[in-house]
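Note sheet for the following structure.
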Amino acid sequence: MTPSADGALVGDRLPVVVVGAGAMGGEWIRMLARSPSARIAGVVDLDVDLAASTVAAAGLDGVAVGASVVEVAERAGAAALINVTVPQAHRTVNEQALRAGLPVLCEKPLAPTVAEALRQVALADITGELLMVSQSRRYFNHLAAFRRAVAGLGPLSTVNAQFFHADHEPGFREQMAHPLLVDMSIHHFDQLRALTPDEPIAVRCSSWNPPWSWFAGDAAASAEFELASGARFVYAGSRCTPGLQTSWNADWRVFGERGAASWDGDDVVRVEADASDVEVPNGPEGIDGSFEEFVTALRSGTTPQNEVRANVLSLAMVEGAIRSSERGGERVVIADLLEESLATALADVRNEDVAARLASWTSAADGIATPAWGSAPATIASGGAR
């Protein structure tokens with residue numbers, strides 16, 4: 001779909017179909033129902049009764065409901081799709097939508113593996129549709145203030161982030177092999193990439209499950225990422241720690257040549273540097289901010305934060321950390337992981353057009369280098385371009 005070519009993209013409210021009516025889907029539906037930028041045209045779930053009850057609970061009328069992504073989208077006249085399914089279903093739903101000519105805003109993580117993510121990059125290239133990942137924790141006004149403070153510190157030495165919580169989320173999360181790294185740390189790793197253009201190049205990680213944990217997989221981890229400049233990102237976290245809990249956004253400390261800055265993950269930003277700027281903007285936050293940038297990109301043709309190519313590196317941080325942990329803390333090089341993932345994607349793909357696109361890349365780094373969507377970074381009050 002060409003930016004602003006469809007009248008539905010130019011009007012005040014974008015007609016969208018939401019896929020997934022579970023707990024997170026319900027949160028999205030409630031947000032979209034109050035958004036001045038959206039009109040919920042359809043809701044899809046394999047459990048059609050659940051989809052109908054979620055729509056009714058949100059007080060919505062005239063919303064198409066069903067189990068088929070393409071059928072409901074066509075019947076509803078949707079101009080875009082919000083993918084809030086479980087991670088294992090993300091690629092299937094995204095592919096159906098992109099091939100049907102619908103731009104997609106997909107909940108994180110984009111895919112269980114980088115190989116699956118690269119297949120989606122290739123399909124976005126082929127279809128020319130926008131595929132954006134909703135990394136909603138980029139969209140906090142105090143994170144934007146913290147980013148400006150970090151930019152004033154000069155070259156960095158160390159970035160520290162700690163996340164400690166005790167959250168009970170019955171369902172697929174408590175059965176994951178790596179519930180911290182896959183479902184929560186993806187946010188914090190992506191926030192690191194929002195804070196600084198100093199990209200990660202390698203990681204060493206250890207993960208474990210405390211004996212009292214109610215998670216089936218590793219609910220705790222520590223990781224050290226080497227950044228391109230030689231600086232380090234040091235991360236520690238747990239989803240089953242009952243005391244001294246941090247913000248969901250983690251607790252941050254950044255140390256550079258000209259001073260230091262901290263953010264408690266909520267509403268306290270501190271700077272100790274020669275020049276300090278902690279002015280906090282006023283913009284939409286969380287999934288509201290993610291959706292507003294998605295709509296802005298569709299209407300203006302600008303490239304949003306976490307357009308699918310940009311998000312691949314955040315996912316690679318997660319997969320690299322998991323690989324390292326499963327190999328006893330071995331150093332994992334992100335560039336090597338990307339190339340191995342491209343080889344896996346080529347071996348697994350069955351669609352000839354996607355296979356041809358992947359094969360045309362000189363490397364995985366080449367494939368994710370230049371977004372096919374948009375011509376310039378979009379800037380919003382709470383997020384802005386990196």
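Note that these values count all heavy atoms, side chains included, but never hydrogens, waters or copies made by symmetry.
- We find that Arg323 and Glu319 are joined by a salt bridge, their nearest charged nitrogen and carboxylate oxygen being less than 4.0 Å apart.
- Residue Leu110 is grouped with residue Val86 when hydrophobic side chains (ILVMFWY) are merged at heavy-atom distances under 4.5 angstrom, including chains of intermediate members.
- Under a 3.5 Å cut-off, the side chain of Ser324 and the backbone N or O of Gly320 do not form any donor-acceptor pair.
- Counting only distance, with no hydrogens or angles, the side chain of Asn351 and the backbone of Val354 share no donor-acceptor pair below 3.5 Å.
- Using a 4.5 Å heavy-atom threshold, the side chains of His168 and Trp214 count as touching.
- Minimum interatomic distance between Ser325 and Ser206 (heavy atoms only, all atoms of both residues): OG-C, 3.9 Å.
- Counting only heavy atoms from C-beta outward, the side chains of Glu293 and Tyr139 approach each other to under 4.5 Å.
- Atom-to-atom distance recorded for Met132:CE and Thr303:OG1 is 11.0 Å, nearest 0.5 angstrom.
- For the atom pair CD (Glu326) and SG (Cys205), the distance works out to 10.0 Å, reported to the nearest 0.5 Å.
- In terms of modelled atom types and a separation under 3.5 Å, the side chain of Arg232 and the main chain of Gly230 share a donor-acceptor contact.
- Side chain of Gln191 to backbone of Arg137: a donor-acceptor contact under 3.5 angstrom is found.
- Taking the six-membered ring where the residue is Trp, the centroids of His165 and Phe163 are separated by under 6.0 Å.
- The line from CD1 of Ile201 to CZ of Arg331 is 6.0 Å long, rounded to the nearest 0.5 Å.
- Rounded to the nearest 0.5 Å, atoms OG (Ser262) and CD (Glu272) are 7.5 Å apart.
- The main-chain N or O of Gly265 is found under 3.5 Å from a side-chain atom of Ser247 such that the two form a donor-acceptor pair.
- Trp361 places no side-chain N or O within 3.5 Å of a backbone atom of Leu342 that could act as its donor or acceptor partner.
- In the hydrophobic clustering of this structure, Leu346 groups with Val312; members are Ile, Leu, Val, Met, Phe, Trp, Tyr whose side-chain heavy atoms approach within less than 4.5 Å, directly or through other members.
- Counting only heavy atoms from C-beta outward, the side chains of Arg138 and Asp190 approach each other to under 4.5 Å.
- Under the 4.5 Å side-chain criterion, counting only non-hydrogen atoms from C-beta, Arg193 is in contact with Met317.
- Looking only at side-chain heavy atoms (C-beta outward), Asp183 and Met176 come within less than 4.5 Å of each other.
- Nearest heavy-atom pair, Arg148 versus Pro281, reported as atom, atom and distance to 0.1 Å: NH2-CD, 3.4 Å.
- A donor-acceptor pair under 3.5 Å links the side-chain atoms of Asp366 to the main chain of Thr362, judged by distance alone.
- By the 4.5 Å heavy-atom criterion applied to side chains, Thr158 and Asn160 are counted as neighbours.
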Side chain to side chain contact (heavy atoms under 4.5 Å, CB included) between Arg39 and Val16, worked out: CA-CA 6 Å; Arg39 176 175 64 82; Val16 300; over 6 Å; no
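- Counting only distance, with no hydrogens or angles, the side chain of Asp218 and the backbone of His178 share no donor-acceptor pair below 3.5 Å.
- Val48 is connected to Ile29 through a chain of hydrophobic side-chain contacts under 4.5 Å among Ile, Leu, Val, Met, Phe, Trp and Tyr, so both are in one cluster.
- Between Asp264 and Arg270 no salt bridge is recorded (no basic side-chain N to carboxylate O distance below 4.0 Å).
- Partner of Ser290 under the side-chain contact (heavy atoms from CB on, under 4.5 Å) criterion, chosen from Leu105, Asn306, Val133: Leu105.
- Scanning all heavy atoms of the two residues, the minimum distance from Arg299 to Ser37 falls at NH2-O, 4.3 Å.
- Ring to ring, Trp263 and His142 are not that close: their centroids are 6.0 angstrom or more apart.
- The two residues Pro15 and Arg13 have their closest heavy-atom pair at CD-O, 3.4 Å.
- In terms of heavy-atom proximity, Leu32 sits nearest to Ala38 at CD2-CB, 3.7 Å.
- The CZ atom of Phe294 sits 11.5 Å away from atom CD of Glu292, with the distance rounded to the nearest 0.5 Å.
- Of all heavy-atom pairs spanning Trp208 and Ser222, the tightest one is CZ3-N, 3.8 Å.
- The distance from the CG atom of Asn94 to the CZ atom of Arg119 is 12.0 Å, given to the nearest 0.5 Å.
- With hydrogens and angles disregarded, no donor-acceptor distance shorter than 3.5 Å links the side chain of His90 to the backbone of Lys108.
- One hydrophobic cluster, built from ILVMFWY side chains closer than 4.5 Å, holds both Phe172 and Val182.
- With salt bridges taken as basic N to acidic carboxylate O contacts below 4.0 Å, one links Asp251 and Arg253.
- Between Trp252 and Phe233, the ring-plane angle classifies as parallel under the 30° and 60° cut-offs.
- Cluster membership check: Met31 shares its hydrophobic cluster with Met24, using side-chain heavy-atom separations under 4.5 Å among Ile, Leu, Val, Met, Phe, Trp and Tyr.
- Phe140 has its ring centre no less than 6.0 Å from the ring centre of Phe146.
- Panel note: side chain Arg258, backbone Pro155; no donor-acceptor pair is recorded below 3.5 Å.
- With contacts defined as side-chain heavy-atom distances shorter than 4.5 Å, the pair Leu313/Leu315 does not qualify.
- Residues Phe215 and Gln175 have side chains not in contact (no heavy-atom distance under 4.5 Å, counting atoms from C-beta outward).
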